[in-house]
**Student:** 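To start, I am sharing the structure in question, which I have written as structure tokens.
First listed ligand is number 1; within each ligand, the first listed atom is number 1. Sequence positions, counted from 1, serve as the residue numbers for this chain.
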Amino acid sequence: MTSQEIIELSHEYLMPTYNRFPIALIKGKGSKLWDANGKEYLDFTAGLAVCSLGHCHPVVVEAICRQAKELIHVSNLFYIQPQAKLAALIGQIFKGARVFFCNSGAEANEAALKLARKYAKVNGHPERYEVITALKSFHGRTLATLAATGQPKHRQGFEPLPAGFTHVPFNDLKALKEAINEQTCAIMLEPIQGEGGIYPAAKDYLAGVRELCHRHKLALIFDEVQCGLGRTGKFLAFQHYGVTPDIFTLAKGLGSGFPIGAMVAKEEFALAFQPGNHASTFGGNPLACAVGLAVLEYMLNHGLIEQVSLTGDYFKEQLTFLAQRFPFIREVRGMGLMLAIELNQNQNGPEIVRRCMEQGLLINGIGSHILRFLPPLIVTRPEIDWAINIISQVFIERTNLS
Ligand SMILES: *Cc1c(COP(=O)(O)O)cnc(C)c1O
């Protein structure tokens with residue numbers, strides 16, 4: 001099929017939930033993608049922080065094929081070897097953790113919210129159910145995770161949403177402190193806000209939140225769906241802060257493109273769940289877990305996370321040089337390979353994204369003035385140089401226009 005045929009078929013039969021670029025991608029390898037017309041792209045979106053090992057990494061392909069020939073699915077009425085092994089690997093990295101597997105970020109967060117409520121109930125606080133989250137946060141599209149999400153634009157048309165969520169400005173400890181009441185059971189935050197525009201938490205903020213949670217006996221939940229799994233140059237983003245949550249969630253990068261999510265909790269919290277309290281038909285199936293295991297083992301055995309720290313620093317430095325050349329860049333921010341440029345108000349972010357795509361570079365725009373960069377974790381310096389070259393050409397064009 002040609003790109004045009006794929007686009008027309010999609011417009012006729014799919015629900016119009018997505019605003020798509022007029023590109024149909026049909027093949028990928030490493031950091032590269034090809035569309036149905038044969039045009040090549042350098043992918044600095046990685047399926048929105050999903051394809052951690054790049055596209056069709058041999059280790060991922062091999063794990064899918066090998067496990068698919070053995071066993072694809074059995075229910076959680078039985079014990080599942082790849083599930084146990086993946087949980088054990090996460091438990092080795094995060095000592096004493098217990099894992100619940102699901103299929104997406106929203107599901108992982110739903111599970112975390114349910115666990116936090118259950119923990120309060122079984123620990124002498126049946127009156128507690130409220131969760132405080134941050135403005136500009138993103139936690140998912142199910143009704144409860146939408147209620148948790150601190151961005152009004154996503155909620156419009158779906159109200160009333162489940163009760164029990166309060167939003168406070170991010171990085172404002174005083175506001176958070178004042179929002180805690182007798183009904184509060186948890187605080188849920190992204191250590192680095194992703195969909196909101198790449199806003200890292202301040203160091204003393206997360207430490208302060210941890211202290212508040214201890215003092216009020218609240219569950220501290222970190223949503224690491226986007227910033228976790230090596231993306232920021234540490235295994236988990238909260239490790240930059242020396243602050244440990246009670247519960248954290250994973251998804252996007254865990255299967256490098258294969259759907260899998262996980263909710264991880266300290267044992268004390270995890271044991272609030274009893275058989276029958278929570279479940280997922282597909283969650284933790286042999287195929288998904290075999291892929292997750294292959295991805296994590298590759299990351300850990302090939303020093304990928306240390307590499308992200310170095311390539312991320314290099315990329316950020318190059319973006320900072322761009323900011324010195326182009327005065328309409330207001331700020332460069334982020335960590336590792338989770339970076340963004342914020343432009344001045346007179347710039348047109350979506351138009352810059354479109355021009356980069358025409359030049360063969362896929363990047364992501366947030367709102368009208370933020371450009372987000374989420375390359376695969378295996379991205380190389382020459383690929384970063386190539387991307388910087390395209391971005392600077394597009395910026396020169398913008399300069400000449402104005
Ligand atoms: C993408 C994302 C989610 C939602 O994940 P889905 O797999 O789309 O449900 C939740 N939290 C954060 C921080 C995310 O970036």
**Student:** Starting from atom 15 (O) of ligand 1, what is the nearest protein heavy atom, named by residue and atom, and what distance separates them?
**Tutor:** Lys252 NZ, 2.6 Å
**Student:** Counting each atom of ligand 1 from 1 as listed, which ones have a heavy atom of Gln226 under 4.0 Å away?
**Tutor:** 15 (O)
**Student:** Under a 4.0 angstrom heavy-atom cut-off, which atoms of ligand 1 come close to Glu190?
**Tutor:** 13 (C)
**Student:** Could you tell me which non-hydrogen atom of Leu135 sits nearest to which non-hydrogen atom of Phe170, and how far apart they are?
**Tutor:** O-CB, 4.2 Å
**Student:** Show me which atoms of ligand 1 lie under 4.0 Å from any heavy atom of Ser104.
**Tutor:** 7 (O), 9 (O)
**Student:** What heavy-atom pair brings Leu33 and Gly28 nearest, and what distance separates the two atoms?
**Tutor:** CD2-CA, 3.8 Å
**Student:** With nothing but distance in play, are any N or O atoms of Val225 less than 3.5 Å from an N or O of ligand 1?
**Tutor:** no
**Student:** Please could you name the atoms of ligand 1 that Ala106 approaches to less than 4.0 Å, counting only its heavy atoms?
**Tutor:** 4 (C), 5 (O), 6 (P), 9 (O)
**Student:** Do the numbers put Arg333 on top of the ring of Tyr199, so that NZ or CZ is under 6.0 Å from the six-membered ring centre and no more than 45° off the axis?
**Tutor:** yes
**Student:** So, do Phe44 and Phe315 have ring centers that fall under 6.0 Å from each other?
**Tutor:** yes
**Student:** Does the side chain of His240 pick up a donor-acceptor pair with the side chain of Thr232 at under 3.5 Å?
**Tutor:** yes
**Student:** Would a 4.5 Å heavy-atom cut-off, applied to side chains only, mark Lys217 and Arg128 as touching?
**Tutor:** yes
**Student:** With a 4.0 Å cut-off, strictly under, does atom 11 (N) of ligand 1 pick up any protein heavy atom?
**Tutor:** yes
**Student:** Out of all atoms in ligand 1, which are within 4.0 Å of some heavy atom of Asp223? Include the element for each.
**Tutor:** 10 (C), 11 (N), 12 (C), 13 (C)
**Student:** Numbering the atoms of ligand 1 from 1, which are under 4.0 Å from a heavy atom of Asn109?
**Tutor:** 10 (C), 11 (N)
**Student:** Between His154 and Gln156, do the side chains contain a donor N or O and an acceptor N or O under 3.5 Å apart?
**Tutor:** no
**Student:** Considering distance alone, does some N or O of Gly105 sit under 3.5 Å from an N or O of ligand 1?
**Tutor:** yes
